[in-house]
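All values below come from the heavy atoms of this structure, side chains included, with hydrogens, waters and symmetry mates left out.
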Amino acid sequence: MAEGHTKPSGPDLVQGIAFSELPDGGKLVGHCGNEQVLLVRRGTEVFAIAATCTHYGGPLVDGLVVEDTVRCPWHHACFDLRTGEALRAPAFNQLACWSVELRDDRIFVGEKRKRAAPTQRGGSAGQVPEKIVIVGGGAAGFAAAEKLRREHYQGSIVMFSCDAAPPVDRPNLSKDYLAGKAPEDWVPLRGESFYSKNDIDLRLNANVATIDARSGEVVLADGGRTPFDKLLLATGAEPVRLTTPGADQPHVHTLRSFADCKAIIAQAMTARRVIVLGASFIGLEVAAALRSRDIEVHVVAPDKRPMERILGPQMGDFIRVLHEEHGVVFHLEDTASSIDGSTVKLNSGKTLPADLVVAGIGVKPRMGLAEGAGLGIDRGVVVNAFLETSAPGIFAAGDIARWPDPHSGDNIRVEHWIVAERQGQTAALNMLGHREKFVAVPFFWSQHYDVPINYVGHAGQWDEIAVDGDISARDCLLRFKREGRTLAVASIFRDIESLEAELDMERRMT
């Protein structure tokens, strides 16, 4: 997840390099003292920034330079080359920047520059709200609160979260942290001091009962009322609960919250056999993480192939083989009929021993508050291009929002972490009156052992999958097409091509 402490490599940039060593548009990694520094040249200008992404430490030298920005190859964060500011989630921390001097046809890197506060953008329309309320403590809610303060918003921010923990890096819960490869202090998106320092009133274990759109108030389950001028609904999704007999036993879990993850880890300490119900992204990431703990894992799912609905049959077959190579046993086209103590009975008649059961059979958007408030609903909370709901001043972002996607031309709702973060950032700007359309290309990544799968775009349906490369060799790019038009791209170890596909989609919006 984060870069290790290694000896600096590359040329000593304080001593300088020849200008000819860095071609126009080129990138080069060197060091200033003990710090790795990336040089990027655009014409006669040379920029010097920290060499690794502030999200998970991705090598920016392998990323894509687009105008005065650089995009991370791993998870598509984007940074300003001039200021180091993190322009797009999943990165929020800015990069360090160094001064650069061009002298005698050589490039010299000087002192690290002081971190500059982000420039406040102008052009807002309407009155700036005094009170903003965010309902939800997940990706979209956190990103909105962080963005509001980064934009120098001085008003009140109250964030209600039904969770017991401050906002966490949820993708880690099914990946490195669950596998025992990441310490606990990597999981919170920010330490608790961040909220007090930035005057964000984060209220945990807070259950919002209703939203009174007419009076502009949020009503809590305990009867308390909090007024708002603008409201962001970011309630996210919740796991689909098993209705299988025996699903209420203490060794049967779903994975959504930090507490869920800790409970699974606690039981995994002594478990010898785990049954994962569902071959979704979450289910298979859980399977991979628990195999890393040397636990016997069986996956039970009704599908013919894992993740075929999203990634198609060829990638589905590859994912199954990959997991089988790591010892996972699949029971496909089958489901659990009952959970009886330490055994799981399947509809096929099989009986599997299980010390631990994890259900990953999908999630559903938490729309109760939106429905109660009379907001427009269509398999999600309907929002316009600015992420505003049918009620003026109330916005929605993340897993609950169905928005007009300019890339596919469809109204879509997706359950991707980075989409939720980016929507939270856009909603924050629009609550401040900036009228910025949400046009980001959807992106997610999934990790299976040492194999990352990146997915750009959105293809609810396709009539062709064009494969470039060799899936089994873990070197491929798949284009999901409808009527000849590429709607989405999935890739394995084709990071620069994934970034280029994202940029191409941005440039040909409908």
Closer than 4.0 angstrom, basic N to acidic O: yes or no for [X] and [Y]?
| X | Y | value |
| --- | --- | --- |
| Asp303 | Arg309 | no |
| Glu388 | Lys437 | no |
| Lys304 | Glu333 | no |
| Glu415 | Arg170 | no |
| Asp410 | Arg482 | yes |

Under 3.5 Å, is there a donor on one side chain and an acceptor on the other for Thr343 and Asp340?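 No - no donor-acceptor pair under 3.5 Å links their side chains.
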
Give a yes-or-no answer on whether the side chains of Ser498 and Asp495 include a donor-acceptor pair shorter than 3.5 Å.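 No - no donor-acceptor pair under 3.5 Å links their side chains.
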
CA sep, side-chain torsions, deciding dist, call: Phe386, Phe395, ring pair (Phe, Tyr, Trp, His ring centres under 6.0 Å): CA-CA 8 Å; Phe386 306 101; Phe395 296 76; 9.0 Å; no

Indicate the ring-plane relationship of Trp462 and Phe480, choosing parallel, tilted or perpendicular according to the 30° and 60° boundaries. perpendicular

How close do [X] and [Y] get, counting heavy atoms only, and between which atoms?
| X | Y | value |
| --- | --- | --- |
| Pro306 | Leu284 | CB-CD1, 3.6 Å |
| Ser408 | Asp405 | OG-OD2, 2.8 Å |
| Tyr455 | Ala488 | OH-CB, 3.3 Å |
| Arg203 | Ala206 | O-CB, 3.5 Å |
| Leu487 | Ala459 | CB-CB, 4.0 Å |
| Cys53 | Ala91 | SG-CB, 4.3 Å |

Does Asp260 reach the main-chain N or O of Ser257 with its side chain, forming a donor-acceptor pair under 3.5 Å?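 Yes.
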
First locate atom [atom1] of [X], then atom [atom2] of [Y], and finally report the distance between them rounded to the nearest 0.5 Å.
| X | Y | atom1 | atom2 | value |
| --- | --- | --- | --- | --- |
| Met367 | Asp399 | CE | CG | 12.0 Å |
| Cys476 | Ile492 | SG | CD1 | 4.0 Å |
| Arg272 | Ser342 | CZ | OG | 11.5 Å |
| Asn205 | Cys162 | CG | SG | 8.5 Å |
| Glu308 | Arg320 | CD | CZ | 12.0 Å |
| Cys72 | Leu64 | SG | CG | 11.5 Å |

Please step through side chain to side chain donor-acceptor pair (under 3.5 Å) for the pair Tyr56 and Asp176, ending with a clear verdict. CA-CA 11 Å; Tyr56 277 10; Asp176 286 353; over 6 Å; no

Flag side-chain contact, heavy atom, 4.5 Å: [X] against [Y]:
| X | Y | result |
| --- | --- | --- |
| Phe79 | Leu87 | no |
| Gln425 | Phe92 | yes |
| Arg422 | His76 | yes |
| Val329 | His323 | no |
| Cys261 | Ile265 | yes |
| Pro183 | Tyr177 | no |

What do the steps show when you test Phe330 against His298 for ring pair (Phe, Tyr, Trp, His ring centres under 6.0 Å), and what is the final call? CA-CA 6 Å; Phe330 283 92; His298 292 247; 9.9 Å; no

Decide if atom [atom1] of [X] counts as having more than 12 heavy atoms of other residues, nucleotides or ligands within a radius under 6.0 Å.
| X | atom1 | answer |
| --- | --- | --- |
| Glu483 | CD | no |
| Glu324 | CD | yes |
| Glu371 | CD | yes |

Evaluate the salt bridge (Lys or Arg N to Asp or Glu O under 4.0 Å) criterion for residues Arg494 and Asp475: first the C-alpha distance (whole Å), next the side-chain angles of each, then the deciding distance (0.1 Å), finally the verdict. CA-CA 7 Å; Arg494 293 281 189 95; Asp475 174 25; 2.6 Å; yes

Taking only distance into account, with no hydrogens and no angle test, what donor-acceptor pairs under 3.5 Å do side-chain atoms of residues 285-293 form with protein atoms, sequence neighbours excluded?
unit_1	atom_1	unit_2	atom_2	d
Glu285	OE1	Ser174	OG	2.7
Glu285	OE1	Lys175	NZ	3.2
Glu285	OE2	Lys175	NZ	3.3
Glu285	OE2	Ser446	OG	2.7
Glu285	OE2	Gln447	N	3.2
Arg291	NE	His326	O	2.7
Arg291	NH1	Ile295	O	2.8
Arg291	NH2	His326	O	3.1
Ser292	OG	Ala288	O	3.1
Arg293	NE	Leu178	O	2.6
Arg293	NH2	Leu178	O	3.1

Apply side chain to side chain donor-acceptor pair (under 3.5 Å) to residues Arg241 and Thr254 and explain how you reach the verdict. CA-CA 8 Å; Arg241 301 290 171 178; Thr254 55; 2.9 Å; yes

Determine whether Asp378 and Arg413 satisfy the following criterion, salt bridge (Lys or Arg N to Asp or Glu O under 4.0 Å), listing intermediate values before the conclusion. CA-CA 10 Å; Asp378 176 17; Arg413 184 185 70 82; over 6 Å; no

Quick check on side chain to side chain contact (heavy atoms under 4.5 Å, CB included): which of Asn93, Asn198, Leu202, Val168 does Arg190 satisfy it with?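 Single pass found, and it is Asn93.
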
Let me see the working for Leu231 and Val135 under side-chain contact (heavy atoms from CB on, under 4.5 Å), right down to the final yes or no. CA-CA 8 Å; Leu231 173 73; Val135 181; 3.8 Å; yes

So, for [X] and [Y], is the gap between ring centers shorter than 6.0 Å?
| X | Y | value |
| --- | --- | --- |
| His416 | Phe443 | no |
| His458 | His407 | no |
| Phe281 | Phe444 | yes |

Taking the cut-offs as 6.0 angstrom to the six-membered ring centre and 45 degrees off its axis, would you call Lys262 and Phe258 a cation-pi pair? yes

